[in-house]
Protein chains: 2
Amino acid sequence: MSTKQKPADRALHLEQFLPYRLNVVGFFASRALGRVYGTRFGIGIPEWRVIAQLGEFGQLTSRDIGELSQMHKTKVSRAVTELDKRGLVTRSENRADRREAFVALTPAGQRIYAQIVPLALAFEERWVEGIAAEELRTFERVLAVLTERGRHLAGAYHAEEA
Amino acid sequence: MSTKQKPADRALHLEQFLPYRLNVVGFFASRALGRVYGTRFGIGIPEWRVIAQLGEFGQLTSRDIGELSQMHKTKVSRAVTELDKRGLVTRSENRADRREAFVALTPAGQRIYAQIVPLALAFEERWVEGIAAEELRTFERVLAVLTERGRHLAGAYHAEEA
DNA sequence: CCTGGTTAGTTACATGTGCAACTAATGTCA
DNA sequence: TGACATTAGTTGCACATGTAACTAACCAGG
């Protein structure tokens with residue numbers, strides 16, 4: 001069968017293996033950024049994601065937050081509870097559907113959001129500094145493709161269909 | 001200088017925020033690949049990383065494994081213990097330095113490694129299928145830069161210096 | 001209505017993980 | 001040689017997190 005190589009014949013080098021590399025860079029990203037708001041504001045990644053979504057969209061149900069920020073509903077639940085305890089968010093019942101509640105930032109929460117945003121953007125800026133804009137665009141385009149495929153390959157949380 | 005925007009003025013969109021995106025794609029990668037060897041071989045990500053490194057390098061100390069695969073030493077310790085219990089690796093004392101031990105795959109471990117490698121490569125293949133080779137190269141080059149910077153920004157595990 | 005199915009959100013439980021402290025061995029420097 | 005620092009690896013502990021089970025509310029079809 002001509003020059004076509006059988007997969008089994010190729011070797012695996014973990015440090016070049018894409019899933020591994022993506023996992024490592026994602027880990028570094030979390031950890032590095034986590035320090036920024038962890039040490040200064042005492043909040044963790046799940047809490048940060050909730051704040052970020054509320055800062056952007058104003059008012060959301062826990063379900064929406066989970067969907068938008070790719071977090072398990074229990075993680076969202078706990079993060080919202082924690083933020084509520086600290087007075088950074090409020091929960092208000094939806095009269096039209098009393099199963100769900102709208103979560104929103106309090107003034108204190110908005111202040112924290114306003115403080116974190118520039119730090120986060122500066123962090124990102126520093127991280128990609130010096131990379132050519134064209135290369136970065138390509139990078140992000142491929143990243144989007146990989147993320148979308150990954151979502152399906154992973155079967156985001158549940159959704160065992162197909 | 002004229003058009004330059006101050007960071008504080010820009011808005012943050014989590015779904016376009018690079019650290020977040022990298023974390024999400026890394027999460028999908030782990031989860032998807034984890035299914036491959038998790039459901040068929042009953043091993044987790046740390047165990048897989050240990051096996052992968054041993055399959056590639058033959059014999060390593062736990063310290064080396066941790067360094068090569070970016071895992072905390074306690075995670076390595078537990079993964080090796082688990083693999084030892086299952087008869088997939090052996091530990092042999094280093095006479096020249098009795099603090100450390102060489103870990104290596106047993107024949108059973110090698111068989112599992114030989115089974116997983118083609119699955120992992122096929123998974124990677126399917127994941128990047130259809131992406132232009134040139135774009136993929138650019139992607140990987142940028143990824144390498146981001147990983148290296150991330151390592152420093154995160155301060156891999158300890159190394160609180162500077 | 002009311003019965004069965006679905007959905008938003010919480011909680012009990014088990015597991016995974018990092019940090020700190022520890023043991024045991026090696027290295028260093030006087 | 002001996003005292004102190006360092007390193008490989010393990011373990012106690014606290015905490016984070018996913019799964020499954022649960023509650024409460026909504027929805028569909030009779």
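We name chains A, B, ... by the order of the sequence lines, and we start the count at 1 in each one.
Where B:Asp64 and A:Pro46 each meet DNA chain D at their nearest nucleotide, the meeting point lying more 5' is that of B:Asp64. In terms of position on DNA chain C, the residue among A:Val103 and A:Arg78 whose nearest nucleotide sits closer to the 5' end is A:Val103.
Ion pairing of A:Glu148 with A:Arg151 is present here, as a side-chain N (NZ or NE/NH1/NH2) and a carboxylate O approach within less than 4.0 Å. Ionic pairing of B:Arg141 and A:Glu135 is present here: one or more N-O contacts between side-chain nitrogen and carboxylate oxygen are shorter than 4.0 angstrom.
To the nearest angstrom, C1' of D:dT17 lies 16 Å from CD of A:Gln70. A:Lys73 has its NZ atom 11 Å from the P atom of D:dA20, to the nearest Å. The interatomic distance linking B:Asp97 (CG) with C:dT23 (P) rounds to 19 Å, in whole Å. Whole-Å rounding puts the B:Glu93 CD to D:dA8 P distance at 16 Å. Between the C1' atom of C:dG9 and the CE atom of A:Met71 lies a distance of 14 Å, rounded to the nearest Å. If you measure from atom CD of B:Glu100 to atom P of C:dA24, you get 18 Å, rounded to the nearest angstrom. The CZ-C1' distance, from A:Phe102 to C:dG9, rounds to 14 Å in whole Å. Here the P atom of nucleotide D:dT10 and the CZ atom of B:Arg63 are 14 Å apart, to the nearest Å.
Across every non-hydrogen atom of B:Gly58 and B:Ala104, the tightest pair is O-CB, 3.6 Å.
Between C:dT10 and A:Arg91, a contact under 4.0 Å exists linking OP1 or OP2 to a side-chain N or O. Checking the phosphate oxygens (OP1, OP2) of C:dG18, a side-chain nitrogen or oxygen of B:Lys75 falls inside 4.0 Å. Under 4.0 angstrom from either OP1 or OP2 of D:dT10 there lies at least one side-chain N or O belonging to B:Ser77. Of the side-chain N and O atoms in B:His72, one or more sit less than 4.0 angstrom from OP1 or OP2 of C:dC19. A close approach under 4.0 Å does occur between a side-chain nitrogen or oxygen of A:Arg98 and OP1 or OP2 of D:dC26.
Residues B:Val142 and A:Val128 fail the side-chain proximity criterion, which asks for heavy atoms closer than 4.5 Å.
Across all strands shown, A:Thr74 has heavy atoms under 4.0 Å from base atoms, whether or not it also approaches the sugar-phosphate.
In this model, no donor atom of one side chain and acceptor atom of the other lie less than 3.5 Å apart for B:Thr81 and B:Asp84.
In the set C:dA8, C:dG18, C:dT11, the nucleotide with an atom closest to the side chain of A:Arg31 is C:dG18.
With hydrogens and angles ignored, no donor-acceptor pair under 3.5 angstrom links the side chain of B:Arg99 to the base of C:dG27.
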